[in-house]
There are 2 protein chains.
Amino acid sequence: MGEVTIQQVATAAGVSPSTVSNLLNGRSHRMLPETRQRIETAIDKLGYRPNRAARQLRTGRNQTIGLVVPSVGNPFWGALARHLESAALAEGYHVLLCNSERDPRRERDYIDELWADGVHGVVLCSSLPSLEHVMPLVERGLQLVAFDRTAQAGDPASLVSISVDNAVGSELATRHLTELGHERLAFVSGALASVNRKERHRGFVAALERAGIDPATAMLAPSGSGADAFGDVEASELGRAAAAELLARDEPPTAIVAINDMCALGICRGIREGGLEVAKDVSVVGFDDIVLAELYAPTLTTVRQPMRDMAASAFSLLRARLEDSGPSQGQSLLFRPELIVRESTAPPLS
Amino acid sequence: MGEVTIQQVATAAGVSPSTVSNLLNGRSHRMLPETRQRIETAIDKLGYRPNRAARQLRTGRNQTIGLVVPSVGNPFWGALARHLESAALAEGYHVLLCNSERDPRRERDYIDELWADGVHGVVLCSSLPSLEHVMPLVERGLQLVAFDRTAQAGDPASLVSISVDNAVGSELATRHLTELGHERLAFVSGALASVNRKERHRGFVAALERAGIDPATAMLAPSGSGADAFGDVEASELGRAAAAELLARDEPPTAIVAINDMCALGICRGIREGGLEVAKDVSVVGFDDIVLAELYAPTLTTVRQPMRDMAASAFSLLRARLEDSGPSQGQSLLFRPELIVRESTAPPLS
DNA sequence: TTGAAAGCGCTAACAA
DNA sequence: TTGTTAGCGCTTTCAA
């Protein structure tokens with residue numbers, strides 16, 4: 001049972017615990033090379049590993065960051081979790097996983113909980129337009145990286161925002177459709193309550209205007225309360241329902257822009273259920289470029305988010321703030337999205 | 001900055017820290033109801049939350065479990081992570097996320113690391129047939145739940161194993177195909193190195209025998225070293241390559257049993273790329289029933305693992321062992337898989 | 001029924 | 001260059 005302590009290492013090396021501690025904390029320059037050598041040998045021989053709880057109790061810091069996502073069951077967040085954890089591992093950090101299920105209350109509780117546990121850095125994937133609920137903790141020193149959410153006016157001054165340029169991405173997607181000749185377009189999304197949904201919608205509208213199409217003629221689905229009825233994992237269900245609704249109209253769209261890939265896959269499903277064929281009858285564009293996009297039948301045209309880079313940036317910015325301890329200015333990183341054209345889009349029929 | 005300490009609560013309530021501690025640790029029966037009342041009031045008023053690091057330093061325990069999966073980027077593991085975290089949250093536990101990327105060395109390092117951090121319970125999703133590498137820690141008291149891996153002869157005596165009955169699942173899948181009239185079947189998997197791959201293959205063979213088909217005529221793909229070339233996230237790539245290989249044969253299979261859903265989706269992709277149609281030309285069955293199985297085109301016939309229940313069991317068994325502290329006998333839980341028939345399977349052409 | 005006291009393993013002044 | 005010392009916040013005997 002007995003774990004090796006710093007005291008035992010010190011004894012074995014014939015020095016005091018503080019010298020060992022100095023070595024451990026990167027102050028090796030203030031000791032004789034031979035002392036250093038002896039300590040290192042002792043550490044190796046005994047298989048010593050510092051007790052993190054003790055260290056945290058003493059310093060108030062730890063080597064853990066929190067990740068709050070709507071649900072890791074969703075492949076998009078799963079990919080973020082994977083890459084973030086990878087980046088963290090490389091620097092000796094751990095990742096505490098939290099699924100908010102898009103429940104604002106749960107989101108706040110998690111952050112409180114993390115803070116109480118001594119976690120000072122959190123990557124927060126919140127769809128909430130306001131981050132007011134976490135302000136008290138940010139003022140106390142919590143370092144926050146908002147992921148997949150661009151900076152907003154009321155945000156904490158120290159906030160780091162990391163996101164793809166949603167408007168540009170959506171515009172790329174939509175322009176691709178108008179260039180193929182589509183004129184009756186639809187935009188499918190849950191309630192336009194979150195920041196990035198609004199931005200993507202904005203890009204959609206901008207592309208229509210640029211193509212000389214009156215945005216007022218564009219369709220929005222699901223209409224009414226349907227938009228609120230679905231959580232994150234159920235994005236595909238939302239797409240499916242929206243497709244059914246759109247295809248039942250007098251003049252159904254010939255092309256659909258989906259808020260994300262899971263939603264797009266649901267739309268494709270709905271199109272097939274309506275007896276039509278994706279691409280041939282109705283074009284579909286997604287957003288995210290999850291792994292499945294390339295696997296689907298037909299393969300999905302979509303807007304890629306450079307997830308690996310984004311996750312790596314999220315971690316390194318967080319770490320820098322955690323370790324520098326200086327006053328940290330907020331900043332925002334906007335990654336450039338890329339249109340990936342695959343099989344789910346084609347010119348309109350007639 | 002200053003967090004509220006137990007000392008402050010004690011002062012506010014006019015008692016000593018030990019009494020507060022007693023209340024906190026479920027020993028409220030040994031104090032006057034009014035004392036208890038006063039303490040609770042003080043806790044509420046001050047917004048006190050016990051410092052976990054201090055508690056852990058003192059007791060050597062914490063409220064965190066580790067989850068080691070090949071990759072949360074894979075929707076199957078993503079789903080496990082989600083449900084496990086949910087179950088943990090309900091009991092005040094946290095989940096530390098670790099992606100092994102199917103690297104045995106990384107797997108072992110993670111477990112060591114977790115142990116050094118005071119994590120005494122881990123849900124391990126290892127494909128390794130032997131758990132020898134973690135034995136030293138298990139002997140020191142690490143509680144281990146092996147997930148998606150049935151109990152093996154050499155396993156630690158205290159191990160809990162949770163898995164679906166792979167052989168039965170695979171047999172259900174295969175029998176479904178033989179009953180449809182298929183006679184030229186193939187089994188697609190990475191190297192049959194892991195426990196559950198072997199079991200699934202066993203079920204496949206058993207079903208063939210029962211149907212009066214000589215297992216020797218069944219095909220295995222990818223052949224040779226191809227089986228080793230892919231990790232976990234790339235299961236779909238493996239399927240895609242295997243499909244290409246199988247379809248190039250003189251007598252290609254009319255039905256394929258895939259080792260899991262991601263692999264099955266890759267196979268479907270490969271079939272389409274070969275100019276054939278899933279179901280009509282070649283039937284495909286998966287395993288797992290990930291969310292995408294129902295979304296795919298065609299929807300995928302597959303074997304469902306009751307993930308939510310399995311994850312909940314994993315957590316509650318782990319917790320029981322963590323908190324009972326008594327000597328814990330090993331046990332294994334085998335969940336019953338369920339065949340979900342969808343569109344990707346049909347009778348053979350002629 | 002309550003409190004005093006010791007100490008978990010570590011770090012960081014401060015002294016030597 | 002190295003060691004001494006004093007806690008970080010909590011739990012848990014043991015004594016009152």
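Numbers restart at 1 for each chain; the letters A, B, ... are given by sequence-line order, proteins then strands. Both backbone and side-chain heavy atoms feed into the values below; hydrogens, waters and symmetry mates do not.
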Exercise. Under the salt bridge (Lys or Arg N to Asp or Glu O under 4.0 Å) criterion, do Glu323(A) and Arg61(A) qualify, and how do the steps go?
Worked result: CA-CA 9 Å; Glu323(A) 295 180 359; Arg61(A) 311 218 147 283; over 6 Å; no
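- Among residues two or more places apart in sequence or in another chain, the salt bridge (Lys or Arg N to Asp or Glu O under 4.0 Å) test is passed with Asp112(A) by none.
- The side chain to side chain donor-acceptor pair (under 3.5 Å) search around Ser18(B) returns Ser16(B), not counting sequence neighbours.
- Residue contacts shown for Leu57(A) include a base, since a base heavy atom lies under 4.0 Å away.
- In this structure Glu91(A) satisfies the salt bridge (Lys or Arg N to Asp or Glu O under 4.0 Å) test together with Arg319(A), sequence neighbours excluded.
- Taking Asn51(B) as the reference, nothing meets the side chain to side chain donor-acceptor pair (under 3.5 Å) condition, with sequence neighbours excluded.
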Exercise. What is the per-nucleotide protein-contact pattern of nucleotides 10-16 of chain C, from the 5' end, where B denotes a base atom under 4.0 Å from a protein heavy atom, S denotes such proximity for sugar-phosphate atoms only, and - denotes neither?
Worked result: BBB----
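- With sequence neighbours left out, the salt bridge (Lys or Arg N to Asp or Glu O under 4.0 Å) criterion links Asp103(A) to no other residue.
- For DNA chain D, the outermost nucleotides in 5' to 3' order that have an atom under 4.0 Å from a heavy atom of chain A are dT1(D) to dG9(D).
- Not a single salt bridge (Lys or Arg N to Asp or Glu O under 4.0 Å) links Glu132(A) to another residue, sequence neighbours left out.
- Comparing the end axes of the helix from dT1(C)-dA16(D) to dA16(C)-dT1(D), each fitted to five base pairs by superposing C1' atoms of four pairs onto the next four, gives an inter-axis angle of 40° (nearest 10 degrees).
- When the ring pair (Phe, Tyr, Trp, His ring centres under 6.0 Å) test is applied to Phe315(A), the partners found at least two apart in sequence or on another chain are Tyr93(A).
- Applying the side chain to side chain donor-acceptor pair (under 3.5 Å) test to Arg49(A) and every residue at least two apart in sequence or in another chain returns Glu113(B).
- Legend: residues meeting ring pair (Phe, Tyr, Trp, His ring centres under 6.0 Å) with Phe76(A), ordered by chain and number and at least two apart, are absent.
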